[in-house]
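In what follows, a single structure is set out as structure tokens and then discussed.
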Amino acid sequence: MIENPKSIIVIFGATGDLAKRKLFPSIYRLYKNGSISKNFAVIGVARSPLSNEDFRANVTKSVQSAGSTNEVEEFSSHFYYQPFDVTSSSSYQALKQLMGTLDGDYNTDGNRIFYLAMAPEFFGTIASNLKAEGLTETSGWKRLVIEKPFGRDLPSAQKLNSELREAFDESEIYRIDHYLGKEMVQNIEVIRFSNAIFEPLWNNRYISNIQITSSETLGVEDRGRYYESSGALRDMVQNHMLQMVALLAMEPPIKLNPREIRSEKVKVLRALRPFSQDEVDDYFVRGQYSAGLMDEKEVKGYREEKSVDPDSNTETFVAGKLLIDNFRWAGVPFYIRTGKRMAAKSTKIIVQFKDIPMNLYYNRGEKVEPNLLVIHIQPEEGITLHLNVKKSGKDISTTPIKLAYSSSSIDGINTPEAYERLIYDCMRGDMTNFTHWDEVALSWSFIDQISQAWESTKAYDFPNYESGSMGPKKADELLQNEGTHWWPVQ
Ligand SMILES: NC(=O)C1=CN([C@@H]2O[C@H](COP(=O)(O)OP(=O)(O)OC[C@H]3O[C@@H](n4cnc5c(N)ncnc54)[C@H](OP(=O)(O)O)[C@@H]3O)[C@@H](O)[C@H]2O)C=CC1
Ligand SMILES: O=C1O[C@H](COP(=O)(O)O)[C@@H](O)[C@H](O)[C@H]1O
């Protein structure tokens, strides 16, 4: 793998939110820390009639708003803009010509990344036009980076995939799941497979349940139109939550390469227990936020948000119990929960170990707390192990303690942003942290059974959780019915 990759990056949707907030600052950091060679150029395309100078000013502003000031002008000089109509042959021909010129100017060896940061309805059209107009013919490598959502159910994902596959090979398609770029999500494998104390316990003999919470304080913001056709199930569960489940549950791969890791993740997704439409409510709970208080300020309910149907049936919260029917995990529930306008912004994984066979301290009326391994994904990054020790003093009695490691306090606060890692991986041709089509297809077939049930029945109790809370009561009951509870994530 080349460590200082050179390439032209074409960003479709270069005037959009994602480009400004994530892509430009991430490419800047790669440039500044020397991860990518100076032989790179970025061509931004969108409908707006900007000049190169306007575009460079936007890039400079976005990098500066992300807190950087050093060599920003020099960095922005690598950026070019072309007004673009995704359906017009002349747009592609002009882009082809510009790529040819910049290939020579920046000596990029014909390497090309096409980054689709646009609404998903354009993905198929762009990919087929890139091929039809000859932009995929190059002396170097070509790669397609594709943002979510990858379809809205299995049939639409299959259709999109076959459109992409007419122009790009599977080995050239980099499907982004930004959770796979997060430091502590990448750490799951390392925690599991490099610690002798965890791996022998990582199964149904010693683990009682695993909980994954990804809660957000923000509401739907300006994305009401998209969110109305998506909901939390498609927006968060189909991709990020199931990817974390797969990483936690997979068997050790025979090698740490993309093919072997994916093959193990795929086996987990294949082992997810399916259920019938009538059983969906036994396993999954949906919620929608009402108005409430966040940071002592009144916020709107989901149905009052911009571009949202005042009678919307869309869920902004999902909790669920997943069962993985294989030898390692039979009988161990994986509880997941995610939602908007919750009490805290927090993503945590809590592995709860089974109780010891006998509590020797019971006759003193003492309850021994279960051992927990907490993986803090965000905002803090690290792990905490909850153990029991002797309370200081004369008596032999127990007290819970926590052994904590914080990755940001040890390695420095600036752990790379997820997008920074993923763009770098794509430039180096490392597909490990991108989702393979097989994973996408299996995730959709699991999700479709839930969305079909929910779309065919009105949620009469919506809205059913207050903004600023931890979700609907039913989500707590899902665990209470099994004699357990959600561990706090705040
Ligand atoms: N924003 C985010 O945080 C995240 C976004 N994503 C995904 O990234 C993609 C982009 O999202 P986001 O940046 O928020 O979207 P925006 O709506 O902010 O940007 C869309 C971009 O597409 C361009 N565009 C729209 N229509 C056309 C057209 N017909 N021809 C050419 N260009 C067009 C727009 O520019 P113009 O109007 O000038 O044409 C703009 O540059 C989506 O797939 C989204 O789901 C995924 C995760 C997070
Ligand atoms: O993909 C998405 O993720 C964000 C949450 O990402 P995070 O890194 O802040 O946890 C979510 O807000 C958005 O709706 C969804 O599309």
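Small disclaimer: the values here were computed from a predicted structure and weren't measured. All ligand and atom numbering here is 1-based and tracks the order in the structure.
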**OP:** For the residue pair Ile43 and Phe79, establish whether any side-chain heavy-atom pair is separated by less than 4.5 Å.
**Re:** no
Original post:
Which ligand 1 atoms are under 4.0 Å away from a heavy-atom of Ala14?
Top reply: 41 (O)
Original post:
So, is Ala117 polar-close to ligand 1, with some N/O to N/O distance under 3.5 Å?
Top reply: no
Original post:
With a 3.5 Å cut-off and no angle check, do the side chains of His485 and Asp476 form a donor-acceptor pair?
Top reply: no
**OP:** Any atoms of ligand 1 less than 4.0 Å from a non-hydrogen atom of Thr15? List them with their elements.
**Re:** 34 (C), 35 (O), 36 (P), 38 (O), 40 (C), 41 (O)
**OP:** Determine, stepwise, if the pair Thr384 / His376 fulfils side-chain hydrogen bond (donor to acceptor under 3.5 Å, both in side chains).
**Re:** CA-CA 8 Å; Thr384 309; His376 307 261; 2.7 Å; yes
Original post:
Looking only at protein heavy atoms, which one is nearest to atom 4 (C) of ligand 1, and how far off is it?
Top reply: Leu18 CD1, 3.6 Å
Original post:
Ignoring hydrogens and geometry, is there a side-chain-to-backbone donor-acceptor pair from Glu305 to Gly219 under 3.5 Å?
Top reply: no
Original post:
Hey, is ligand 1 close enough to Gly16 that some N/O pair sits below 3.5 Å?
Top reply: yes
Subject >> Interfacing atoms of ligand 1 (cut-off 4.0 Å, heavy-atom, Phe122) >> reply: 26 (N), 29 (N)
Original post:
In the protein, what heavy atom is nearest to atom 21 (C) of ligand 1, and what distance, to one decimal place, separates them?
Top reply: Gly13 CA, 3.6 Å
Original post:
What about Arg21: any of its N or O atoms under 3.5 Å from an N or O on ligand 1?
Top reply: yes
Original post:
Ser469 and Tyr289: side-chain donor and acceptor closer than 3.5 Å?
Top reply: no
Original post:
Would Arg175 and Asn239 count as having a side-chain donor-acceptor pair, cut-off 3.5 Å?
Top reply: no
Subject >> Protein residue, atom and distance nearest to atom 43 (O) of ligand 1, heavy-atom basis >> reply: Met118 O, 2.8 Å
Original post:
Is ligand 1 under 4.0 Å from a heavy atom in the side chain of Arg47, in the backbone, in both, or in neither?
Top reply: both
Subject >> Within-cutoff protein neighbour (heavy atom, under 4.0 Å) for atom 17 (O) of ligand 1 >> reply: no
Subject >> Closest contact, heavy atoms only, Pro149 versus Tyr226 >> reply: CG-CE1, 3.9 Å
**OP:** Consider ligand 1: state whether an atom of it lies below 4.0 angstrom from any non-hydrogen atom of Val86.
**Re:** yes
**OP:** Measure the acute angle between the ring planes of Tyr419 and His178, then classify it against the limits of 30° and 60° as parallel, tilted or perpendicular.
**Re:** parallel
Original post:
Counting heavy atoms only, which of His178, Glu147, Lys148, Arg223 comes nearest to atom 44 (C) of ligand 1?
Top reply: Lys148
Original post:
Any donor-acceptor pair under 3.5 Å linking the side chain of Trp486 with the backbone of Arg337?
Top reply: no
Original post:
How far is atom 38 (O) of ligand 1 from its nearest protein heavy atom, and which residue and atom name does that atom have?
Top reply: Ser48 OG, 2.4 Å
Original post:
Any N/O of Asp85 closer than 3.5 Å to an N/O of ligand 1?
Top reply: no
Subject >> Summary of side-chain hydrogen bond (donor to acceptor under 3.5 Å, both in side chains) pairs that have at least one residue in residues 148-159, sequence neighbours excluded >> reply: Lys148-Asp235, Asp153-Ser156, Lys159-Glu163
Original post:
Who's touching ligand 2 if we go heavy atoms under 4.0 Å?
Top reply: Lys148, His178, Tyr179, Lys182, Glu216, Arg223, Asp235, Met236, His240, Lys340, Lys345, Gln378
Subject >> salt bridge (charged side-chain N to carboxylate O under 4.0 Å, His left out) partners of Glu172, counting only residues at least two apart >> reply: Lys142
Original post:
Any N/O of Phe123 closer than 3.5 Å to an N/O of ligand 1?
Top reply: no
Subject >> Which of the ligand 1 atoms, numbered from 1, are nearer than 4.0 Å to a heavy atom of Pro149 >> reply: 45 (O)
Subject >> N or O pair under 3.5 Å between Asp17 and ligand 1 >> reply: yes
Original post:
Do you know the tightest heavy-atom contact between Gly13 and Ala19?
Top reply: O-CB, 3.8 Å
Original post:
Any side-chain hydrogen bond (donor to acceptor under 3.5 Å, both in side chains) pairs touching residues 307-321, not counting sequence neighbours?
Top reply: Glu228-Ser312, Glu228-Thr314, Asp311-Lys458, Ser312-Thr314, Thr316-Tyr465, Lys321-Glu482
**OP:** Ignoring angles and geometry beyond distance, decide whether Tyr226 reaches within less than 3.5 Å of ligand 1 through its nitrogen or oxygen atoms.
**Re:** no
Subject >> Geometric class of the Tyr28/Phe75 ring pair [parallel <30°, tilted 30-60°, perpendicular >60°] >> reply: perpendicular
Original post:
Strictly by modelled atom types, are Glu439 and Gln243 linked by a side-chain donor-acceptor pair under 3.5 Å?
Top reply: yes
